[in-house]
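This report concerns only the one structure given below.
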Amino acid sequence: MELSEQEQVRRQSLQTMRDMGINPYPAAEYVVTGYSADIKAGFVDEGEGTWHTGDKVSIAGRLMSKRIMGKASFIEIQDSKGRIQCYVSRDDIQLAEDAEVPAMDANDPNAGLSAETLRQMYNVVFKKLLDIGDFIGIEGFVFRTQMGEISVHAQKLTVLSKSLRPLPIVKYKDGVAYDGFNDPEQRYRQRYVDLVVNEGVKDTFLKRATILRTMRQVFDEAGYTEVETPILQQIAGGASARPFITHHNTLDVDMYLRIATELYLKRLIVGGFEGVYEIGRNFRNEGMDRSHNPEFTCMELYVQYKDYTWMMSFTEQLLERIAIAVNGTTKVQIGDHEVDFKAPYRRLPILDAIKEKTGYDLSNMTEDEIRPIAKKFGVEDTDKMGKGKLIDEIFGETCEGTFIQPTFITDYPVEMSPLTKMHRSKPGLTERFELMVNGKELANAYSELNDPIDQYNRFVDQMNLAKKGDDEAMVIDHDFMRALEYGMPPTSGIGIGIDRLAILMTGQPTIQEVLLFPTMKPEVDN
């Protein structure tokens, strides 16, 4: 591997530190007693506060800037909560290692000088060997500079980790970033650098964590149980999607990475759980774009003795609470739109939505009558599609992107809902809803089908669609059928895409911005 000039210099500095008896990667614990944001937030010159001038503190983090001014310097340390300035004086600082200054170049004023005290190492270590990106520990006291900036006056410096690659230096002026680490492919491949140098990136993922934490709190308060179900499955069931296929050597069988958790969670409802949920990875061997990644996080929840009407109300309350936890308000700015998650949300049957947007009433049309309408709206390969898939495609082409505020699209045709209970009062339709927000589906929910005979016939219909060429049609899961035959109580279930929810709650434009490590093409070596 060919090293750049800066990388070579850093390796030379690394070796010089070792020659001086300084361990650039010490193993001992470094005790941190304060964090940047907490010190700034809690500092007062006089009166009640967490931090005051003269209070001792030990901080640690990356060295992000260094301004050397003779005997004194100002540096900036970035820790897990932000950045803070430190004042370093040659007359005050000590290094954490008992070491000797080696012989230097003859023109160096410190050439051949042995350290009488640790302070004499200031010029060598601090000025010459520490680089932007190095991890250091600072022990000292808190104070306010003449310019009014809350800072730490360094009295002792510990080298904690030497950085061998230079960080890109992003400079900010009036809120604008210059010389930024902006290329999306670089940012997603090197998320570790993105998190260090780009403001706001880490905050997005902290908000994502808040989404998950709040969701769990809501479910746990309701008395529902978090569970784990298999990722490797012998049947790719619970959704209509293309699976990833792998092979289990010991059993000598092909297996699938799960496309959904639904059928296993329903088995647990059969087994007697009141409510179960799982937040985990699903895998679908399909396209990649601004809103799709082949592996994604989904939450599925199933609750006995409930229906899809109850689930709509529960979902409204859940999302309203998440929005407030993440942003302090139910309103989120997403691009040009302000989306309000305040309950209640509009409820609109899918066939009414299509009629509202296109003028076509598909409710009493046959498959053959719907097919030319689908072609008119740009749907391709219609000959391979059944009635339900045609309706779904028409909705996607003409309606889905128009629903900006949270809207429940309800009462889907039975052909496109093979796991859903028939509608109690509308023949040919099912008790299902999808929640649309900002032009995308966020959630999918049913009154779950618990009639084993009806379920078997639905699976047979799916197999017939597969014979026509629909490679997303479901196959029969015979063990799930056996579970249903033991009896499943009336149940409502929902799936929510966590990645899409994170996009909405953080106002990000793409799924890649809310995935720490999105799927990408293999990196090509230059």
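What you are looking at is a predicted structure, and each value in this text was computed from that prediction instead of being measured.
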Taking atom [atom1] as the centre, does [X] end up with more than 12 heavy-atom neighbours from other residues, nucleotides or ligands that are less than 6.0 angstrom away?
X	atom1	value
Glu221	CD	yes
Glu226	CD	yes
Lys355	NZ	no
Leu232	CG	yes
Tyr30	OH	yes
Gln333	CD	yes
Asn364	CG	no
Arg165	CZ	no

Quick check: does any side chain N or O of [X] sit under 3.5 Å from a backbone N or O of [Y], one acting as donor and the other as acceptor?
X	Y	answer
Thr402	Cys399	yes
Arg267	Ala483	no
Glu448	Gly493	yes

Output the distance between atom [atom1] ([X]) and atom [atom2] ([Y]), rounded to the nearest 0.5 Å.
X	Y	atom1	atom2	value
His292	Asp499	NE2	CG	11.0 Å
Ser492	Tyr302	OG	OH	9.5 Å
Phe273	Tyr224	CZ	OH	14.5 Å

[X] and [Y] ion-paired at < 4.0 Å:
X	Y	value
Arg187	Asp183	no
Asp479	Arg482	yes
Arg371	Asp368	yes
Arg281	Glu295	yes
Arg62	Asp79	no

Check: Phe219 ring centre within less than 6.0 Å of Tyr277 ring centre | yes
Hey, are the side chains of Tyr360 and Lys376 touching, using non-hydrogen atoms and a 4.5 Å cut-off?
-> yes
Evaluation steps, side-chain hydrogen bond (donor to acceptor under 3.5 Å, both in side chains), between Asp361 and Ser363 | CA-CA 6 Å; Asp361 186 353; Ser363 57; 2.6 Å; yes
If you draw the axis of the six-membered ring of Tyr446, does the NZ or CZ of Arg432 fall within 45° of it and under 6.0 Å from the ring centre?
-> no
